[in-house]
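Okay, so here's the structure we're looking at.
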Amino acid sequence: MRNWLTDKIPEEGYEYKGCSDIRNIFDECMYDYSEFNGKICDICETNIGFISHRFFHPMHILSVHSCHSCAQKILGDSKILIENEKEQNRIYDLKVKFLKLDGQEKPNGNIVINYEGKIITIMKSKYSNGYGVVYNNNFIWKYSGKTIKNIEVAKLVAFKKFIIYE
């Protein structure tokens, strides 16, 4: 319990904020995580792997990232942890499947992806070196304030905006 002992972080009163899949950070940055060993638990200093559980405490500024075992000790129940981990893994598996789709290249250079009845178009910008993503008359030319620079990032944007969060 590294942080609890050295930084005087409270041991009780935490609010569970869910879990996150660390692989998504690598995918957004287009990094290869094959050599990544995982995040370290803030509590017991063991390797978390790819699923990190987040907790917040009203008296502490920083969030605490924990492994499954420590999260279970804090919550006292592992059912919600297992459900959240399964959901993160399900989303990641969907993303991997979606990113592998090639789509159909049209004569005008646009790439059309049909995913479970959703028609998503990736098109090259006429005015810059970037790309755009179109679905259901919604156009996205920038993501996180930056131009979409290549087709791989455009697919990732399409997945996040139109497949998962629609």
For a side-chain contact (heavy atoms from CB on, under 4.5 Å) check, start with the C-alpha distance between L81 and L75, then their side-chain angles and the critical distance, and finish with the verdict.
CA-CA 9 Å; L81 300 176; L75 286 179; 3.6 Å; yes
Might you point out which heavy atoms bring C67 and T46 nearest each other, and give the distance in Å?
SG-OG1, 4.0 Å
Side-chain heavy atoms of K106 within contact of V112, under 4.5 Å:
yes
If you define the side chain from C-beta out and look only at heavy atoms, does anything of L101 sit under 4.5 Å from K97?
no
Using modelled atom types only, decide if a donor and an acceptor are shared between the side chain of N136 and the backbone of N138 within a distance under 3.5 Å.
no
All pairs passing side chain to side chain donor-acceptor pair (under 3.5 Å) where residues 74-89 contributes a residue, at least two apart:
Y16-N84, R23-N89, H53-E85, H68-E85, E87-R90
Report, as yes or no, whether the 6.0 Å neighbourhood of atom CG on N129 holds more than 12 heavy atoms from other residues, nucleotides or ligands.
no
Check whether any side-chain heavy atom of V64 lies under 4.5 Å from a side-chain heavy atom of I43, and answer yes or no.
yes
Among the clusters formed by ILVMFWY side chains lying less than 4.5 Å apart, do Y131 and Y135 turn up in the same one?
yes
Go through it in stages, so that I can follow the logic: the residues are F56 and Y14, the test is ring pair (Phe, Tyr, Trp, His ring centres under 6.0 Å), and I'd like the CA-CA distance, side-chain angles, deciding distance and then a yes or no.
CA-CA 6 Å; F56 291 94; Y14 283 91; 9.3 Å; no
L99 to K155 - nearest heavy-atom pair and separation
O-NZ, 3.3 Å
Please evaluate residues R54 and C19 with respect to the criterion side-chain contact (heavy atoms from CB on, under 4.5 Å), reporting the C-alpha separation (whole Å), side-chain torsions for both, the decisive distance (0.1 Å), and the verdict.
CA-CA 6 Å; R54 293 183 326 275; C19 64; 5.5 Å; no
State, with a plain yes or no, whether a side-chain heavy atom of K95 is found less than 4.5 Å away from one of L156.
yes
Donor-acceptor contact present, side-chain T147 to main-chain K149, <3.5 Å
no
What's the spacing between I111 CD1 and K124 NZ if we round to 0.5 Å?
11.0 Å
Closest non-hydrogen contact found for K161 with I140 is CG-CD1, 3.5 Å
Look at the rings of Y115 and F98 and say which category their plane angle falls in: under 30° parallel, 30 to 60° tilted, over 60° perpendicular.
perpendicular
Verify, without hydrogens or angle tests, whether S144 (side chain) and K146 (backbone) share a donor-acceptor contact under 3.5 angstrom.
no
Minimum heavy-atom distance I51-I48, with the two atoms named:
O-CG2, 2.7 Å
Set of side chain to side chain donor-acceptor pair (under 3.5 Å) partners for S52, sequence neighbours left out
H65
Tell me whether K73 at atom NZ has more than 12 heavy atoms from other residues, nucleotides or ligands lying less than 6.0 Å away.
no
Is there a side-chain contact between S66 and F55 (heavy atoms, below 4.5 Å)?
yes
Testing the basics here: between A158 and I120, what is the closest heavy-atom pair and its distance to 0.1 Å?
CB-CG2, 3.8 Å
Given side-chain contact (heavy atoms from CB on, under 4.5 Å), test M123 with V134 step by step and report yes or no.
CA-CA 8 Å; M123 55 180 30; V134 183; 4.0 Å; yes
Please step through side-chain contact (heavy atoms from CB on, under 4.5 Å) for the pair I122 and I113, ending with a clear verdict.
CA-CA 8 Å; I122 297 173; I113 299 171; 4.0 Å; yes
Is I119 linked to V157 within one hydrophobic cluster, defined over Ile, Leu, Val, Met, Phe, Trp and Tyr using a side-chain heavy-atom separation of less than 4.5 Å?
no
Out of the candidates F159, F162, W141, only one should pair with V133 under the side chain to side chain contact (heavy atoms under 4.5 Å, CB included) rule; please name it.
F162
Nearest 0.5 Å, what's the CG-OG1 distance between N108 and T121?
9.0 Å
